[in-house]
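Whatever order the structure lists ligands and atoms in, that order sets their numbers, starting from 1.
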Amino acid sequence: MKIFVTGGAGFIGSAVIRHIIAHTDWRVVNIDKLTYAGNLQSLASIAGNNRYRFVQADIADAPAMRALFEDERPDAVLHLAAETHVDRSIDGAAPFIQTNIVGTWSLLENALAYWRDLDGEARARFRFQHISTDEVYGSLGPTGLFTEDTPYSPNSPYSASKAASDHLVNAWHHTHGLPTIVTNCSNNYGPYQFPEKLIPLTIVRALRGEELPVYGKGQNVRDWLHVEDHAAAQLAILQKGAVGRTYNIGGGNERKNIDVVRAICAHLDAIRPQGAPHERLIRFVADRPGHDLRYAIDASRLQREVGWQAPTGFDAGLARTVDWYVANADWWENVLSGAYRTERLGLKSG
Ligand SMILES: NC(=O)c1ccc[n+]([C@@H]2O[C@H](COP(=O)([O-])OP(=O)(O)OC[C@H]3O[C@@H](n4cnc5c(N)ncnc54)[C@H](O)[C@@H]3O)[C@@H](O)[C@H]2O)c1
């Protein structure tokens, strides 16, 4: 098998590539534009493997994508390349429209042209697997879960652009027959996450003795999925998922943001008592405009039809993640030596 992974230098894409190299004999072509969120250091452990190739390219560059499909002849595409930070989509939506919608469309067109020319077994084997988010379903009240049949109701420019990309993928299946699968997952956490998202931002700022911003009162609930579990789920779906189907992927770990921040502080108190109590750094700040209250996933279809369930409990997964950021300060210090320095984003509309 040869897999195209788009966005493979990002947080989840790099976990998927490390997982494929470690657990299969497949070849991987990582197609990534290397935006601010792309970091090849996240792939240092496998970069020298002869089953891995990196290509710096934009998924919206149709001629470049066409040439790659023709030269490399993949068996599947795992499409993760995207603009992903809600706060950045509030400050400026253009890159979200361009990459998440136009880029996905361009990739679909190239995948379709390539797939139509395949024959026999290669044509039957080919999959275009699209990685999306539970944010397309909008916001839940205090109860209930998102199923694959929950109507789309995206609220942020980010989730609206991801919803559009999901619709395009489904349309290319229903109209053109392209063998696609869509996955909608909950919030991921784990090693190598760019420190603008809640968990790494909190860890990094706490390690530096800086204030820990919590939006609103920290009551927003997310269902946390360990990134290495997510990578394993992507492979299980690729091998056993049904064409044209959507699968929700969740960790079964619902937590309020404030409880996540407090748990990080408590773990740091245990391993870094010199900064304790880290909770003294918590500051409640202006809420994110349009902040969705609660996301929670019903992942029973994935369990029933693919036989996969997230194995990692949140407490153990979070402790391991904090330990990783403590042990790998060189990774995030290098990230923070660029343009982004953990400042507040996403308030330009307010
Ligand atoms: N992180 C999460 O919690 C989460 C949750 C649900 C869904 N998702 C989805 O999973 C996917 C991966 O998310 P992530 O957190 O790893 O994102 P990320 O921001 O860490 O990485 C995105 C990667 O895509 C690359 N990229 C951006 N635009 C590109 C373009 N035009 N062409 C080629 N490469 C481009 C970037 O360089 C980067 O390496 C996204 O599609 C996202 O919507 C993420």
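- A donor atom on one side chain and an acceptor atom on the other are found under 3.5 Å apart for S165 and H130.
- Annotation for ligand 1: atoms under 4.0 Å from non-hydrogen atoms of S132 are 6 (C), 7 (C).
- If you number the atoms of ligand 1 from 1 as listed, the ones under 4.0 Å from a heavy atom of G38 come out as 37 (O), 38 (C), 39 (O).
- Residue T6 does not touch ligand 1, judged by heavy-atom distances below 4.0 Å.
- Taking all heavy atoms of I249, I199, T99, V102 into account, the minimum distance to atom 28 (N) of ligand 1 is reached by T99.
- Taking the six-membered ring for Trp and thresholds of 30 and 60 degrees, W331 and Y192 have ring planes more than 60 degrees apart, a perpendicular arrangement.
- On a distance-only criterion, K33 and ligand 1 share at least one N/O pair closer than 3.5 Å.
- Looking at ligand 1, you won't find any N or O of I31 less than 3.5 Å from one of its N or O atoms.
- Taking 4.5 Å as the limit, every side-chain heavy atom of H176 sits out of range of all side-chain heavy atoms of W115.
- For ligand 1, none of its N or O atoms has an N or O atom of D134 under 3.5 Å away.
- Of the candidates I199, V204, L198, T202 forms a side chain to side chain contact (heavy atoms under 4.5 Å, CB included) with just one, namely L198.
- Looking only at side-chain heavy atoms (C-beta outward), V227 and Q193 stay at 4.5 Å or farther from each other.
- For the pair P289 and I90, the minimum side-chain heavy-atom distance is below 4.5 Å.
- Using cut-offs of 30° and 60° for the angle between ring planes, the F69 and F4 rings count as tilted.
- Contact atoms of ligand 1 toward K162: 40 (C), 41 (O), 42 (C), 43 (O) (distance under 4.0 Å to a heavy atom of the residue).
- Checking each of N155, D149, N248, D292 against Y137 for a side chain to side chain donor-acceptor pair (under 3.5 Å) leaves exactly one that passes, namely N248.
- The shortest N or O to N or O distance between N39 and ligand 1 is not below 3.5 Å.
- At the shortest separation from atom 32 (N) of ligand 1 among protein heavy atoms lies I59 N, 3.0 Å.
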Donor-acceptor contacts, no H, no angles, side chain residues 229-238, under 3.5 Å, sequence neighbours left out:
from : atom 1 : to   : atom 2 : distance (Å)
D229 : OD1    : T312 : OG1    : 3.0
D229 : OD2    : T312 : N      : 3.0
D229 : OD2    : T312 : OG1    : 2.9
H230 : ND1    : N188 : OD1    : 2.8
H230 : NE2    : Q234 : NE2    : 2.9
Q234 : OE1    : Q129 : NE2    : 2.7
Q234 : NE2    : T183 : OG1    : 3.0

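- If you number the atoms of ligand 1 from 1 as listed, the ones under 4.0 Å from a heavy atom of A57 come out as 32 (N), 33 (C).
- The N/O atoms of D58, backbone and side chain alike, include one that comes under 3.5 Å of an N/O atom in ligand 1.
- Under the 6.0 Å distance and 45° angle rule, R51 does not count as a cation-pi partner of W26.
- Put simply, part of Y158 is less than 4.0 Å from ligand 1, judged by heavy atoms.
- Nearest protein heavy-atom neighbour of atom 19 (O) of ligand 1: T84 OG1, 2.7 Å.
- Looking at ligand 1, you'll find an N or O of D32 within less than 3.5 Å of one of its N or O atoms.
- Residue I131 approaches ligand 1 through these ligand atoms, each under 4.0 Å from one of its heavy atoms: 9 (C), 10 (O), 11 (C), 41 (O).
- Looking at ligand 1, you'll find an N or O of L80 within less than 3.5 Å of one of its N or O atoms.
- Atoms of ligand 1 lying under 4.0 Å from at least one heavy atom of N187, given by number and element, are 3 (O).
- In this structure, R222 fails the cation-pi test against Y189, since its NZ or CZ atom is not both closer than 6.0 Å to the six-membered ring centre and inside 45 degrees of the ring normal.
- A pairwise comparison of heavy atoms in V86 and S156 identifies CG1-CB, 3.9 Å as the closest pair.
- Crowding of W105 atom CH2: a count of heavy atoms from other residues, nucleotides or ligands under 6.0 Å not exceeding 12.
- Not one N or O of Y36 is nearer than 3.5 Å to an N or O of ligand 1, by distance alone.
- Checked against D75 for a salt bridge (Lys or Arg N to Asp or Glu O under 4.0 Å), the options R127, R125, K2 give a single hit: R125.
- Using a 4.0 Å cut-off between a side-chain N of Lys or Arg and a carboxylate O of Asp or Glu, E72 and R27 do not qualify as a salt bridge.
- Distances from atom 23 (C) of ligand 1 to the heavy atoms of G8, G7, A64 put G7 nearest.
- At the top of the distance list for atom 15 (O) of ligand 1, counting protein heavy atoms only, stands F11 CD2, 3.8 Å.
- Counting protein heavy atoms only, atom 44 (C) of ligand 1 is closest to I12 CD1, 3.4 Å.
- In terms of protein heavy-atom proximity, atom 21 (O) of ligand 1 is nearest to G10 CA, 3.3 Å.
- Closest to atom 22 (C) of ligand 1, if we only count protein heavy atoms, is A82 O, 3.5 Å.
- Near C185, meaning under 4.0 Å from one of its heavy atoms, ligand 1 places the atoms 5 (C), 6 (C), 7 (C).
- When S186, A81, A15 are ranked by how near their heavy atoms come to atom 35 (C) of ligand 1, first place goes to A81.
- Between N188 and ligand 1, at least one pair of N/O atoms sits closer than 3.5 Å.
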Distance-only check: which donor-acceptor pairs under 3.5 Å involve side-chain atoms of residues 279-288, not counting sequence neighbours?
from : atom 1 : to   : atom 2 : distance (Å)
E279 : OE1    : R262 : NE     : 3.4
R280 : NE     : P277 : O      : 3.2
R280 : NH2    : G275 : O      : 2.8
R283 : NE     : E211 : OE2    : 3.3
R283 : NH1    : R280 : O      : 2.9
R283 : NH1    : L281 : O      : 3.4
D287 : OD1    : H291 : ND1    : 2.7
R288 : NE     : D87  : OD1    : 2.7
R288 : NH2    : D87  : OD1    : 3.2

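- Atoms of ligand 1 lying under 4.0 Å from any heavy atom of T35, numbered from 1 in the order shown and given with element: 27 (C), 28 (N), 36 (C), 37 (O).
- Polar contact with ligand 1: absent for A60 (N/O pair, distance under 3.5 Å).
- Across every non-hydrogen atom of L168 and I101, the tightest pair is CD1-O, 3.7 Å.
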